[in-house]
Amino acid sequence: MLDTLSPIPPLTHAAKLLSWYDRHHRELPWRVSPSAATAGKRADPYHIWLSEVMLQQTTVQAVKPYFAKFLDRWPSVRDLAAAPSDDVMAAWAGLGYYARARNLKKCAEAVAADHDGIFPDTEDGLRALPGIGDYTSAAVAAIAFNRPSAVMDGNVERVISRLYAIDAPLPGSKPVMKAKVRELTPTDRPGDFAQAMMDLGATICTPKRPACALCPFRDDCLALAEHHPERFPVKAAKKEKPVRVGAGFVAVTESGEIMLRRRAETGLLGGMTEVPTTAWTARTDGGTGIDHAPFAADWQACGTITHVFTHFELRLSVFRTRLPAGIKPSGWWVPVEKLDNEALPTVMKKVISQAIPTAFAKH
DNA sequence: AACTCGTGGTT
DNA sequence: TAACCAAGAGT
């Protein structure tokens with residue numbers, strides 16, 4: 001005896017998500033679409049790695065022009081390994097989290113020198129390289145090498161926490177969430193699964209007002225079942241941002257050159273270019289004013305700028321002076337019209353723009 | 001384990 | 001507009 005009508009098995013979460021991804025995936029410069037992958041096109045590990053490092057805590061929109069610029073200047077990981085560090089830092093300027101750029105260079109050098117210019121094709125091998133942590137190693141292994149790694153970023157945390165209505169707060173609940181991701185990840189198309197989870201979090205399962213009616217998990221989601229998807233993920237309370245103050249000094253020669261310095265290699269804005277500043281302290285009377293200028297001159301106040309970093313807010317008073325020809329106190333001098341070649345972080349561009357409104361072209 | 005580390009867009 | 005937060009890593 002045989003049963004002629006075996007029941008149709010329910011679709012797995014992965015199958016639902018991949019079906020959704022095949023219909024709704026986004027075109028991105030570093031991405032191979034599912035249809036192109038079917039035709040045999042493979043993702044370039046260098047492109048995937050470069051994009052994943054740039055995308056750490058950074059939006060797709062911000063990354064796109066930097067990704068194009070880097071690929072144009074350094075088409076292969078060997079090219080990047082051979083590039084001068086100053087060029088890489090200047091090219092990264094404005095993207096933030098500058099330790100990423102320092103580690104990007106170290107990683108390229110390691111791949112070129114220790115791996116014959118070929119990226120390791122396992123999660124563990126990738127994880128051992130500079131700047132590649134839990135997320136990036138799993139993402140590159142899955143997307144570039146089709147490994148069934150459990151890929152979890154902020155988007156995936158949000159999707160998982162809602163799907164299972166996880167009440168435990170982040171970051172403590174990360175291991176529990178990662179175990180869920182590991183359960184869900186298919187051996188077939190793991191890279192597309194990872195990208196689909198992140199796309200879902202970015203476009204449907206958004207932090208506010210998620211579009212649950214369009215979600216492939218709408219029939220499975222416990223947070224939706226209790227009519228409160230926005231309650232997840234639960235996060236530990238964060239502390240307030242302190243304010244630090246200081247002063248920045250813009251010195252210009254009569255021939256239009258501006259005085260610059262190089263910041264310490266480690267720490268905040270490590271290895272980047274700056275104009276001279278005082279220390280940045282919490283106290284307004286802690287040596288943060290004009291009396292701590294880099295050299296004696298006719299410093300003129302020209303307002304203040306504010307810049308918000310991850311863990312503090314900075315308020316800098318800006319001063320400027322014009323030096324007579326032939327007098328150049330110690331420093332390094334660059335014509336104002338060539339500032340675009342320097343590794344100037346955004347806060348320093350704000351200071352210079354405050355003193356010289358025409359210094360940078362407006363977009 | 002908690003803290004450091006940028007910037008720009010969205011709400 | 002103040003808060004939130006984005007394909008996290010290193011220490």
Side-chain angles (χ1 to χ4, degrees), chain A residues 25-26 28-31 47-67 89 92-104 106-107 126-144 149-159 170-172 174-175 178 181 191 193-203 205-210 230 233 235-244 263-272 274 280 306-314 343-350 363:
Chain A
H25 77 276
R26 298 182 291 171
L28 296 172
W30 45 85
R31 176 176 283 179
H47 296 190
I48 300 301
W49 163 73
L50 179 61
S51 68
E52 290 299 345
V53 173
M54 288 182 167
L55 286 163
Q56 290 166 8
Q57 296 290 285
T58 308
T59 57
V60 167
Q61 180 178 340
V63 164
K64 279 181 177 175
Y66 285 86
F67 179 77
M89 298 307 290
W92 195 277
L95 198 55
Y97 284 137
Y98 298 99
R100 291 186 297 173
R102 299 194 293 273
N103 286 327
L104 188 82
K106 288 183 193 167
C107 183
L126 291 159
R127 181 70 176 76
L129 292 166
I132 299 186
D134 290 337
Y135 163 75
T136 305
S137 58
V140 175
I143 297 169
S149 308
V151 179
M152 189 170 77
D153 73 329
N155 288 304
V156 178
E157 288 172 0
R158 189 166 53 255
V159 172
L170 283 169
K174 269 192 175 187
K178 184 120 178 184
V181 177
F193 175 82
Q195 293 178 93
M197 286 286 279
M198 294 187 281
D199 273 18
L200 188 70
T203 63
C205 195
T206 49
K208 295 177 182 174
R209 295 177 58 83
E230 289 187 22
K235 294 189 175 182
K238 50 184 165 298
K239 52 185 208 178
E240 60 182 277
K241 281 183 185 178
V243 176
R244 296 185 196 175
R263 292 179 60 84
E265 292 306 310
T266 58
L268 186 72
L269 306 177
M272 300 294 285
E274 67 171 4
W280 306 345
T306 296
H307 191 75
V308 181
F309 292 96
T310 307
H311 52 295
F312 67 93
E313 176 181 327
L314 178 65
L344 285 166
T346 297
V347 62
M348 291 302 154
K349 290 191 173 183
K350 285 185 183 178
H363 303 333

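Convention: sequence-line order gives letters A, B, ...; per-chain numbering from 1. All values derive from a computational prediction rather than experimental measurement.
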Asker: Using atom CG of L170(A) as one end and atom C1' of dA2(B) as the other, report the distance to the nearest whole Å.
Answerer: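 Answer to the nearest Å: 15 Å.
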Asker: Counting C-beta onward and ignoring hydrogens, is there a side-chain heavy-atom pair between H25(A) and Q195(A) closer than 4.5 Å?
Answerer: no
Asker: Determine the contact category for K238(A): base if any of its heavy atoms lies under 4.0 Å from a base atom, sugar-phosphate if only primed atoms, P, OP1 or OP2 are that close, otherwise nothing.
Answerer: sugar-phosphate
Asker: Just so I know, are the side chains of L55(A) and T136(A) near enough to count as touching, which here means a heavy-atom distance under 4.5 Å?
Answerer: no
Asker: Would you classify T346(A) as touching base, sugar-phosphate or nothing, given that sugar-phosphate means primed atoms plus P, OP1 and OP2, and contacts are heavy atoms under 4.0 Å?
Answerer: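 Result for T346(A) = sugar-phosphate.
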Asker: Indicate, with a heavy-atom threshold strictly under 4.0 Å, whether R158(A) touches base, sugar-phosphate, or nothing.
Answerer: sugar-phosphate
Asker: Between K208(A) and V308(A), which has a closest nucleotide on DNA chain B that is more 5'?
Answerer: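 With K208(A) and V308(A) compared, the 5'-side residue is V308(A).
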Asker: Does a side-chain N or O from H307(A) land closer than 4.0 Å to OP1 or OP2 of dT7(B), or not?
Answerer: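 For H307(A), the contact criterion (side-chain N or O under 4.0 Å from OP1 or OP2 of dT7(B)) is met.
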Asker: Please classify the nucleic acid contact of G94(A) as base, sugar-phosphate, or nothing, using heavy-atom distances under 4.0 Å.
Answerer: sugar-phosphate
Asker: For dT7(B), does either OP1 or OP2 sit under 4.0 Å from a side-chain N or O belonging to Y98(A)?
Answerer: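 So the side chain of Y98(A) is within the cut-off, an N or O lying under 4.0 Å from OP1 or OP2 of dT7(B).
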Asker: For residues I132(A) and W49(A), determine if any side-chain heavy atom of one lies less than 4.5 Å from a side-chain heavy atom of the other.
Answerer: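 Side-chain contact under 4.5 Å: yes.
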Asker: Report yes or no: is there a donor-acceptor pair, N or O only, under 3.5 Å between the side chain of T310(A) and the base of dG6(B)?
Answerer: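 Answer yes: a donor N or O sits under 3.5 Å from an acceptor.
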Asker: For dA9(C), does OP1 or OP2 lie under 4.0 Å from any side-chain N or O of T136(A)?
Answerer: yes
Asker: Could you tell me the separation between the CH2 atom of W92(A) and the P atom of dA9(C), rounded to a whole number of Å?
Answerer: 12 Å
Asker: Evaluate the side-chain proximity of I143(A) to V151(A): yes if any heavy-atom separation is below 4.5 Å, no if none is.
Answerer: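 V151(A) does not reach I143(A) side chain to side chain.
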Asker: Between atom CD in Q57(A) and atom P in dG10(C), what is the gap in whole Å?
Answerer: 13 Å
Asker: In whole angstrom, what separates R100(A)'s CZ from dT11(C)'s P?
Answerer: 16 Å
Asker: Between dG8(C) and Q56(A), is there an OP1 or OP2 to side-chain N/O distance shorter than 4.0 Å?
Answerer: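 Checking Q56(A) against dG8(C): no side-chain N or O falls below 4.0 Å of OP1 or OP2.
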